[in-house]
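Below, chains carry the letters A, B, ... as their sequence lines are ordered, and counting in each starts from 1.
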Amino acid sequence: MPELPEVETIRRGLVPSLVGARVTSVLVKRRRMVKHPELGRGFESKLAGRKVRSIMRRGKYLLFVLDGSGLLVIHLGMSGSLVLVGRGERPKHERIRFEFSGGRALSFADVRTLGKVIFCEKRESPLVLHSVWRMGLEPIQRGFGPRYLADRFRDRKAPVKSLLLDQRVCCGVGNIYANEALYRAGVRPTRAAGSLSEPEVERLSKALRSVINDGIKWCGTTLEDDGYRLPDGGRGKFQRHLAVYDRAEGKCRCGGTVKLVRQAGRSSYYCPACQH
DNA sequence: CTTGTGTCCTGTAGGC
DNA sequence: TGCCTACAGGACACAA
């Protein structure tokens with residue numbers, strides 16, 4: 001669920017309430033989701049008493065910069081959500097709860113429990129956050145462009161869709177936005193990345209940027225019966241602008257029919273008439 | 001290095 | 001009704 005636009009929307013929603021607030025206590029209901037250090041022991045006590053200095057984002061990761069050079073890292077996995085709640089509120093599938101000064105709490109709910117939280121000191125971060133540091137550029141970052149993409153695609157035989165999902169290539173891109181970007185670029189997801197022409201790479205580069213920016217503009221994608229919520233409980237609106245995702249056998253804008261193929265265990269949607 | 005597959009989880013939808 | 005399978009916004013370990 002949460003890809004770059006969703007995580008960015010969550011970040012923006014949390015900043016006004018949490019920056020400057022102090023963690024009073026932490027309740028871990030699903031220990032497995034705490035990744036560091038040793039089985040997460042000491043996680044709660046290391047957080048308690050710390051103040052949030054800023055909230056940053058890298059790809060799909062949220063980084064809470066805390067007092068005393070502490071870093072709280074949250075990844076929402078497939079089904080995680082972060083909602084600001086009052087004292088008594090217990091969202092469904094709540095796994096970890098951060099109580100803050102002022103009586104508010106940040107509730108991390110996650111049906112499938114594939115999300116994770118990590119605490120580390122800033123100086124340990126290169127080691128602990130290994131995968132975070134080796135991620136590539138985000139489509140909305142300076143330096144991301146046709147040249148960057150072409151360099152990554154050169155001589156690669158893997159389907160272009162797989163590379164878009166590779167965080168070392170397109171940081172923050174997930175299944176929904178990968179499908180939508182390929183649609184906007186007119187490129188089939190099954191094409192070998194290295195076979196794209198220059199104009200195709202150019203279009204794909206632009207499409208990635210625009211689709212991610214639109215996703216942010218519309219506060220992310222909340223499919224029906226979906227877990228993704230804004231921190232205030234609201235829903236995203238980008239689902240209204242999806243051209244192909246989740247539309248198998250549905251009508252494309254061109255009048256053709258949207259097709260579904262499975263690639264590496266993920267669904268890819270495309271219009272055979274618009275994408276080549 | 002590259003590429004594809006299976007696995008981690010829980011919940012739900014659809015077929016029979 | 002119930003039982004079974006397939007699948008779901010992600011990432012990672014592993015095999016070839």
Side-chain angles (χ1 to χ4, degrees), chain A residues 1-10 29-36 57-62 73-82 91-96 108-118 128-136 151-182 189-195 211-212 214-216 218-230 235-239 241-242 244-249 260-269:
Chain A
M1 168 239 319
E3 307 178 28
L4 192 158
E6 287 74 28
V7 179
E8 176 60 17
T9 300
I10 291 170
K29 300 167 142 184
R30 196 61 72 103
R31 193 101 245 157
R32 194 166 15 84
M33 294 173 65
V34 181
K35 296 301 183 186
H36 180 86
R57 180 191 56 72
R58 178 92 171 97
K60 303 170 190 173
Y61 286 84
L62 271 180
V73 181
I74 299 184
H75 192 288
L76 298 169
M78 287 280 253
S79 53
S81 66
L82 288 170
K92 232 183 167 119
H93 308 300
E94 183 179 73
R95 310 300 190 193
I96 298 170
F108 182 6
D110 185 2
V111 190
R112 295 174 67 184
T113 70
L114 297 174
K116 62 181 175 181
V117 299
I118 303 166
V128 177
L129 305 179
H130 182 64
S131 62
V132 175
W133 297 144
R134 53 198 280 245
M135 291 195 293
D151 284 347
R152 305 280 158 147
F153 287 177
R154 191 162 299 121
D155 296 329
R156 299 290 299 266
K157 291 174 183 164
V160 61
K161 166 82 178 313
S162 305
L163 290 202
L164 295 190
L165 292 180
D166 186 335
Q167 300 302 292
R168 291 166 301 185
V169 177
C170 291
C171 179
V173 173
N175 207 28
I176 293 179
Y177 297 96
N179 276 295
E180 293 297 313
L182 286 163
T190 47
R191 287 278 302 283
S195 78
V211 89
I212 294 292
D214 288 351
I216 295 172
W218 295 101
C219 298
T221 305
T222 302
L223 277 348
E224 49 221 307
D225 69 286
D226 179 15
Y228 166 64
R229 287 289 129 92
L230 311 211
R235 306 170 75 97
K237 297 183 178 65
F238 191 67
Q239 61 279 9
H241 305 273
L242 296 175
V244 287
Y245 184 81
D246 207 19
R247 280 194 150 59
E249 299 306 312
L260 166 63
V261 288
R262 299 200 66 76
Q263 297 180 279
R266 322 282 315 264
S267 294
S268 296
Y269 304 86

What does the list of N/O pairs under 3.5 Å between the protein and nucleotides 12-16 of chain C look like, with a distance for each?
| residue | atom | partner | partner atom | Å |
| --- | --- | --- | --- | --- |
| C:dC12 | OP1 | A:Ser131 | OG | 3.0 |

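- Straight-line distance from the CZ atom of A:Arg134 to the P atom of C:dA11: 13 Å, rounded to whole Å.
- Here the shortest heavy-atom pairing between A:Glu3 and A:Val173 reads OE1-C, 4.1 Å.
- For the side chain to side chain contact (heavy atoms under 4.5 Å, CB included) test, residues two or more places apart in sequence or in another chain that qualify with A:Arg58 are A:Leu63, A:Val132, A:Met135, A:Glu138, A:Gln141, A:Cys171.
- Here the shortest heavy-atom pairing between A:Pro2 and A:Leu76 reads CG-CB, 3.5 Å.
- When the side chain to side chain donor-acceptor pair (under 3.5 Å) test is applied to A:Lys60, no partner is found at least two apart in sequence or on another chain.
- For the P atoms, the distance from C:dC14 to B:dC9 is 15 Å, rounded to whole Å.
- For A:Glu6 (side chain) and A:Cys219 (main-chain N/O), no donor-acceptor pair under 3.5 Å exists by modelled atom type.
- Closest to the side chain of A:Ser267, from the set C:dC7, C:dG10, B:dG11, is C:dC7.
- Among residues two or more places apart in sequence or in another chain, the side chain to side chain contact (heavy atoms under 4.5 Å, CB included) test is passed with A:Arg32 by A:Arg30, A:Thr113.
- Atom CG in A:Leu114 sits about 14 Å away from atom P in C:dA8, given to the nearest Å.
- Applying the side chain to side chain contact (heavy atoms under 4.5 Å, CB included) rule to A:Ser162 yields the partners A:Pro159; only residues at least two apart in sequence or on another chain are considered.
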Could you go over nucleotides 2-5 of chain B and give all protein N or O partners under 3.5 Å, atom names and distances?
| residue | atom | partner | partner atom | Å |
| --- | --- | --- | --- | --- |
| B:dT3 | OP1 | A:Lys157 | N | 2.5 |
| B:dT3 | OP1 | A:Ala158 | N | 3.1 |
| B:dT3 | OP2 | A:Arg156 | NE | 2.4 |
| B:dT3 | OP2 | A:Arg156 | NH2 | 2.6 |

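- Under the ring-ring contact (aromatic ring centres under 6.0 Å, His included) criterion, A:Tyr61 pairs with A:His75, not counting sequence neighbours.
- Applying the side chain to side chain donor-acceptor pair (under 3.5 Å) test to A:Asp155 and every residue at least two apart in sequence or in another chain returns nothing.
- Note: CZ (A:Arg266) to C1' (C:dA8) measures 9 Å, nearest angstrom.
- For A:Met78, the side-chain atoms get nearest to C:dG10 when compared with the rest of C:dG10, B:dC9, C:dA11.
- In this model, the phosphate group of C:dG10 is not approached by any side-chain N or O of A:Gln167 to a distance below 4.0 Å at OP1 or OP2.
- Side-chain proximity of A:Arg95 to the nucleotides C:dG10, B:dT10, C:dA8 is greatest for B:dT10.
- The interatomic distance linking A:Glu3 (CD) with C:dA11 (C1') rounds to 13 Å, in whole Å.
- Residues A:Gln239 and A:Thr222 come closest through the heavy atom pair OE1-N, 3.0 Å.
- The residue among A:Met135 and A:Arg112 whose nearest nucleotide of DNA chain C lies closer to the 5′ end is A:Arg112.
- Residues A:Arg262 and A:Ser267 bring a donor and an acceptor atom of their side chains to less than 3.5 Å of each other.
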Check your understanding: How does DNA chain B read in dot-bracket, base by base from 5' to 3', with Watson-Crick or G-U pairs under 3.5 Å and | used when the partner is on another strand?
Key -> .|||||||.|||||||
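- The side chain of A:His75 contributes an N or O atom lying less than 4.0 Å from OP1 or OP2 of C:dA11.
- Not counting sequence neighbours, the partners of A:Ala248 by the side chain to side chain contact (heavy atoms under 4.5 Å, CB included) test are A:Leu260, A:Tyr269.
- Under a 3.5 Å cut-off, the side chain of A:Gln263 and the backbone N or O of A:Lys161 do not form any donor-acceptor pair.
- Note on residues 163-178 of chain A: pairs passing salt bridge (Lys or Arg N to Asp or Glu O under 4.0 Å), not counting sequence neighbours, are A:Asp166-A:Arg168.
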Enumerate the protein-to-nucleotides 13-15 of chain B contacts in which both atoms are nitrogen or oxygen and the separation is below 3.5 Å.
none

